[in-house]
Amino acid sequence: MNGKRFLAAGLACVLAMLLTSCGAQRTIAKPEVEEGKEAVEVEGSCSAELTSGGSVLNVSGESNLMDGTNGVLSVLGADGVKLVEHRFTQTDGTASWDFEVEESWPEIVYGFMSFGTQNMDSQPREVTEAYGRRFQNLEGPAVIWDTKGVIAVFQSEEVRIGPDAA
């Protein structure tokens, strides 16, 4: 009987530790700027607008990142689900792409322009030398990060899709 109590108490302690450790949130620190390099303050914008009578969504953006930097223009629903994307190489500080509007798209969508080293084409050597292998040399309000590296993301205002779109 004492053995069962001891086992039950031990299991209760283990369960309590697991529950409290699962509730704690781990903070992910932004990767440090490479030693000997200066941080690059990222600036830019993204816009999205319906054209061609509402059948095309033009997503365009601009940034101060160097020409030759690879990025992605994408359309996401308000729930964060990616609907479509187009990979590009920035030229003259700008990028633009026309996406055919799909019937399956939700009523509200957003355009995004993003730059990073994950989920994109690999970056040229000149770009990673300036911004870091994980883009850790980038800073600013448009910069987000996770355990894999840093991403510069610019979001448009919401765009209403469908017959009620004005």
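Positions are given from 1, in the same order as the sequence printed here. Note that the structure is a prediction, hence the values are computed from the model and not measured.
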task = Would you name the heavy atoms of M113 and S45 that are closest together and state the gap between them?
result = CE-O, 3.7 Å

request  = Find out if a path of hydrophobic residues (ILVMFWY) with successive side-chain heavy-atom gaps under 4.5 Å connects V81 to V59.
outcome  = no

query = So, for A29 and W145, which heavy atoms are closest and what is the spacing to 0.1 Å?
reply = C-NE1, 3.4 Å

key: hydrophobic_cluster_shared for V56 and I161, side chain cutoff 4.5 Å   = no

ask   = Do side-chain atoms of D67 reach the backbone of D92 as a donor and acceptor pair under 3.5 angstrom?
value = yes

task = Please name the pair of heavy atoms, one in V101 and one in G54, separated by the smallest distance, quoted to 0.1 Å.
result = CG2-O, 3.6 Å

task = Would you mind reporting whether V127 and L65 have side-chain heavy atoms less than 4.5 Å apart?
result = no

remark   = Looking only at heavy atoms, the pair that brings E41 and N64 closest together is O-ND2, 2.9 Å

ask   = Is there a path of hydrophobic side-chain contacts, each under 4.5 Å between heavy atoms of I, L, V, M, F, W or Y residues, that connects V33 with F135?
value = no

request  = Measure the shortest side-chain to side-chain distance between L57 and W105 over non-hydrogen atoms and say whether it is less than 4.5 angstrom.
outcome  = yes

ask   = Going by heavy atoms in the side chains, are K30 and V143 under 4.5 Å from each other?
value = yes

query = For T69, does its backbone N or O pair with a side-chain atom of Q123 as donor and acceptor, under 3.5 Å?
reply = no

task = Ignoring hydrogens and angles, tell me if any N or O in the side chain of N137 forms a donor-acceptor pair with the backbone of V40 under 3.5 Å.
result = no

key: Which atom of G77 lies closest to which atom of P106, heavy atoms considered   = CA-CG, 3.9 Å

inquiry  = With heavy-atom distances below 4.5 Å as the criterion, would you say the side chains of R160 and E107 are in contact?
reply    = yes

query = In Å, rounded to the nearest 0.5 Å, how long is the span from CZ of F115 to OG of S63?
reply = 4.0 Å

ask   = Does R134 use its side chain to pair, donor to acceptor, with the backbone of K148 at less than 3.5 Å?
value = yes

query = Got a donor-acceptor contact below 3.5 angstrom from the K37 side chain to the A130 backbone?
reply = no

task = Output the distance between atom CD (E100) and atom OG (S52), rounded to the nearest 0.5 Å.
result = 7.5 Å

key: Value rounded to 0.5 Å, distance of OG in S114 from CG in L73   = 8.0 Å

query = Is the shortest heavy-atom distance from the side chain of Y110 to the side chain of S156 under 4.5 Å?
reply = yes

From OG (S74) to CZ (R87), nearest 0.5 Å = 10.5 Å

message = Just verifying a value: how many Å separate I28 CD1 and T147 OG1, rounded to the nearest 0.5 Å?
response = 5.5 Å

remark   = Nearest heavy-atom approach of N70 to S122 is ND2-O, 2.6 Å

task = Nearest 0.5 Å please: distance from the CG atom of L138 over to the CD1 atom of I144.
result = 12.0 Å

Pair N58-S96, side-chain hydrogen bond (donor to acceptor under 3.5 Å, both in side chains): steps then yes or no = CA-CA 7 Å; N58 174 268; S96 181; 3.0 Å; yes

ask   = Looking only at atom types and distance, does a side-chain atom of Y131 sit under 3.5 Å from a main-chain N or O of M66, one as donor and one as acceptor?
value = yes

request  = Report yes if the side chains of L83 and F99 come closer than 4.5 Å at any heavy-atom pair, otherwise no.
outcome  = no

